[in-house]
Amino acid sequence: MPVPVAGPADEDGLIQLAALQHYLFCPRQCALIHIEGLWVEDGATAEGRILHEAADSGRPESRSGVRIARSLALRSLALGVSGKADVVEFRRGKPPLPVEYKRGKPKTHRADEVQLCAQGICLEEMTGSAVPEGALFYGETRKRVIVPLDAELRALTARVATEAGAMIRAGITPPPVKTPACRRCSLSDLCQPGRLARPPAVLKWLTEAIG
C-alpha cells in the first residue's frame, strides 16, 4: 500500500507524530490530547516522561563508527506528521536506525511499532536512505526489540496517519467506548467512558420520548 503523498500546502497542517500511537491505542484518547488539549500525568506517564527525557538529554556523540543523534526533529509530508525521535543512530555503511524509548514491556497491540515506523518513514524522506528497521527500548526489560519496517507495518502506519490526521483536522472527538484498556489510561477520569458510554436513564427516557 503506497503512502499517500501530501502537497506542500499541507505542511502547516502536520499532526504530531505521537498522535499515531495515541490514535491506535484509542481514537478518543488521541482526540482528547490533540484536539482538546487535555493531559493528566499519573505514575505510568511520569515514568515514561522521565525515560524519554533521559534518552533525549545529552549531546550528539560518536563511538565505534556510530553517530548518535538525540531528540532529532523529524517530518514527513507523505504521512502528514512531524515530531522528534528519541535517538537515531547513523551507522557507518548501514541505514539510519531510529530508537524509540518506552516504559514497561512489549505490548500486544502495534501502537509503539506504528510510531517507530513513522519515524523511519520520516528519516527516509529526510535523508534519501532506506530505513528497513528500527528499535524499541523498553524500560522494564532493559532490552531492545528490533522491529522490521515491512510492507504490512508501513500500510498500517499510513492508514493510521490518514485517519488520525482527518479526525484532528476535523476537530471531532469520538464518543467513548469502554474497553479493558481504559484502566491503563491516565485520562480515564476526564473521559468517563463508563458513564458516558451509557447515558443516564433520564436522558435515555427523554431521547425516546422526543423521538
Chemist: For a quick test of reading the model, state the closest non-hydrogen atom pair linking Pro96 to Thr127 and the distance between them.
Modeler: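 Minimum heavy-atom contact is CG-OG1, 4.4 Å.
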Chemist: Determine yes or no for a side-chain-to-main-chain donor-acceptor pair under 3.5 angstrom, with Arg154 supplying the side chain and Leu149 the backbone.
Modeler: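 Yes: the side chain of Arg154 pairs with the backbone of Leu149.
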Chemist: Please report the C-alpha distance between Leu136 and Glu100 in whole Å, then the side-chain angles of each, then the deciding distance to 0.1 Å, and finally whether the side-chain contact (heavy atoms from CB on, under 4.5 Å) criterion is met.
Modeler: CA-CA 5 Å; Leu136 292 167; Glu100 177 69 12; 3.8 Å; yes
Chemist: Measure the CD-OG distance between Glu124 and Ser129 for me, rounded to the nearest 0.5 Å.
Modeler: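 Reported to 0.5 Å precision, the distance equals 8.5 Å.
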Chemist: Kindly give the heavy-atom pair with the smallest separation between Ile146 and Ala135, and that separation in Å.
Modeler: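 Ile146 and Ala135 have their closest heavy atoms at CD1-CB, 3.9 Å.
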Chemist: Any idea how Tyr101 and Phe137 line up, ring-wise: parallel (<30°), tilted (30 to 60°), or perpendicular (>60°)?
Modeler: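 Rings of Tyr101 and Phe137: tilted, 30 to 60°.
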Chemist: Evaluate the side-chain proximity of Ile168 to Cys30: yes if any heavy-atom separation is below 4.5 Å, no if none is.
Modeler: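 Yes - at least one pair of side-chain heavy atoms lies under 4.5 Å apart.
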Chemist: Calculate, to the nearest 0.5 Å, the distance between atoms CG and OG belonging to Leu74 and Ser82 respectively.
Modeler: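 It comes to 9.0 Å.
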Chemist: Sort out for me which residue in Gln115, His109, Arg110 forms a side-chain hydrogen bond (donor to acceptor under 3.5 Å, both in side chains) with Glu113.
Modeler: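 Passing option: Arg110.
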Chemist: Return the minimal non-hydrogen interatomic distance between Leu79 and Ala161, and the atom names on each side.
Modeler: O-CB, 3.7 Å
Chemist: If I compare all heavy atoms of Ala85 with all of Gln119, which pair ends up nearest, and what's the gap?
Modeler: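 Shortest heavy-atom contact: CB-OE1, 3.8 Å.
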Chemist: Which is it for Val177 and Arg28 under the side-chain contact (heavy atoms from CB on, under 4.5 Å) test, yes or no, and what are the steps along the way?
Modeler: CA-CA 8 Å; Val177 177; Arg28 180 170 170 83; over 6 Å; no
Chemist: Report yes if some heavy atom in the side chain of Asp86 is under 4.5 Å from a heavy atom in the side chain of Val99; otherwise report no.
Modeler: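 Answer no - side chains too far apart.
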Chemist: Stepwise, does the side-chain contact (heavy atoms from CB on, under 4.5 Å) test hold for Leu32 with Thr173?
Modeler: CA-CA 7 Å; Leu32 291 176; Thr173 299; 4.3 Å; yes
Chemist: Would you indicate whether the side-chain heavy atoms of Leu14 and Leu77 approach each other to under 4.5 Å?
Modeler: yes
Chemist: With a 6.0 Å cut-off (strictly less than), is the heavy-atom count around NZ of Lys143, excluding the residue itself, greater than 12?
Modeler: no
Chemist: Search all heavy atoms of Arg75 against all heavy atoms of Glu125 and return the closest pair with its distance.
Modeler: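 For Arg75 versus Glu125, the nearest heavy atoms are O-OE1, 4.4 Å.
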Chemist: Mind listing the closest non-hydrogen atom pair of Pro106 and Val145 along with its distance?
Modeler: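 Looks like CG-CG2, 4.1 Å.
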Chemist: I need the Gln21 CD to Leu116 CG distance, nearest 0.5 Å.
Modeler: 11.0 Å
Chemist: Find the distance between OH (Tyr23) and CE (Met167) and round it off to the nearest 0.5 Å.
Modeler: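 These two atoms lie 6.5 Å from each other.
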Chemist: Would you kindly confirm whether Leu38 and Ile172 end up in one hydrophobic cluster when ILVMFWY residues are joined by side chain heavy atoms under 4.5 Å apart?
Modeler: no
Chemist: Just so I know, are the side chains of Leu123 and Leu72 near enough to count as touching, which here means a heavy-atom distance under 4.5 Å?
Modeler: yes
Chemist: Using the rule that two of Ile, Leu, Val, Met, Phe, Trp, Tyr join whenever any of their side-chain heavy atoms come within less than 4.5 Å, decide whether Leu20 and Phe25 are in one cluster.
Modeler: no
Chemist: Give, for atom CZ of Arg91 and atom OG of Ser64, the distance between the pair rounded to the nearest 0.5 Å.
Modeler: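 The CZ atom of Arg91 sits 13.5 Å away from the OG atom of Ser64.
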Chemist: Just wondering, more than 12 heavy atoms not from Glu152 lying within 6.0 Å of its CD?
Modeler: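 Count not over threshold, so no.
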Chemist: Decide if atom CD of Glu163 counts as having more than 12 heavy atoms of other residues, nucleotides or ligands within a radius under 6.0 Å.
Modeler: yes
Chemist: Between Leu153 and Val114, does a side-chain contact (heavy atoms from CB on, under 4.5 Å) hold up when you go through it step by step?
Modeler: CA-CA 7 Å; Leu153 180 56; Val114 161; 4.2 Å; yes
Chemist: Measure the shortest side-chain to side-chain distance between Leu97 and Arg144 over non-hydrogen atoms and say whether it is less than 4.5 angstrom.
Modeler: yes
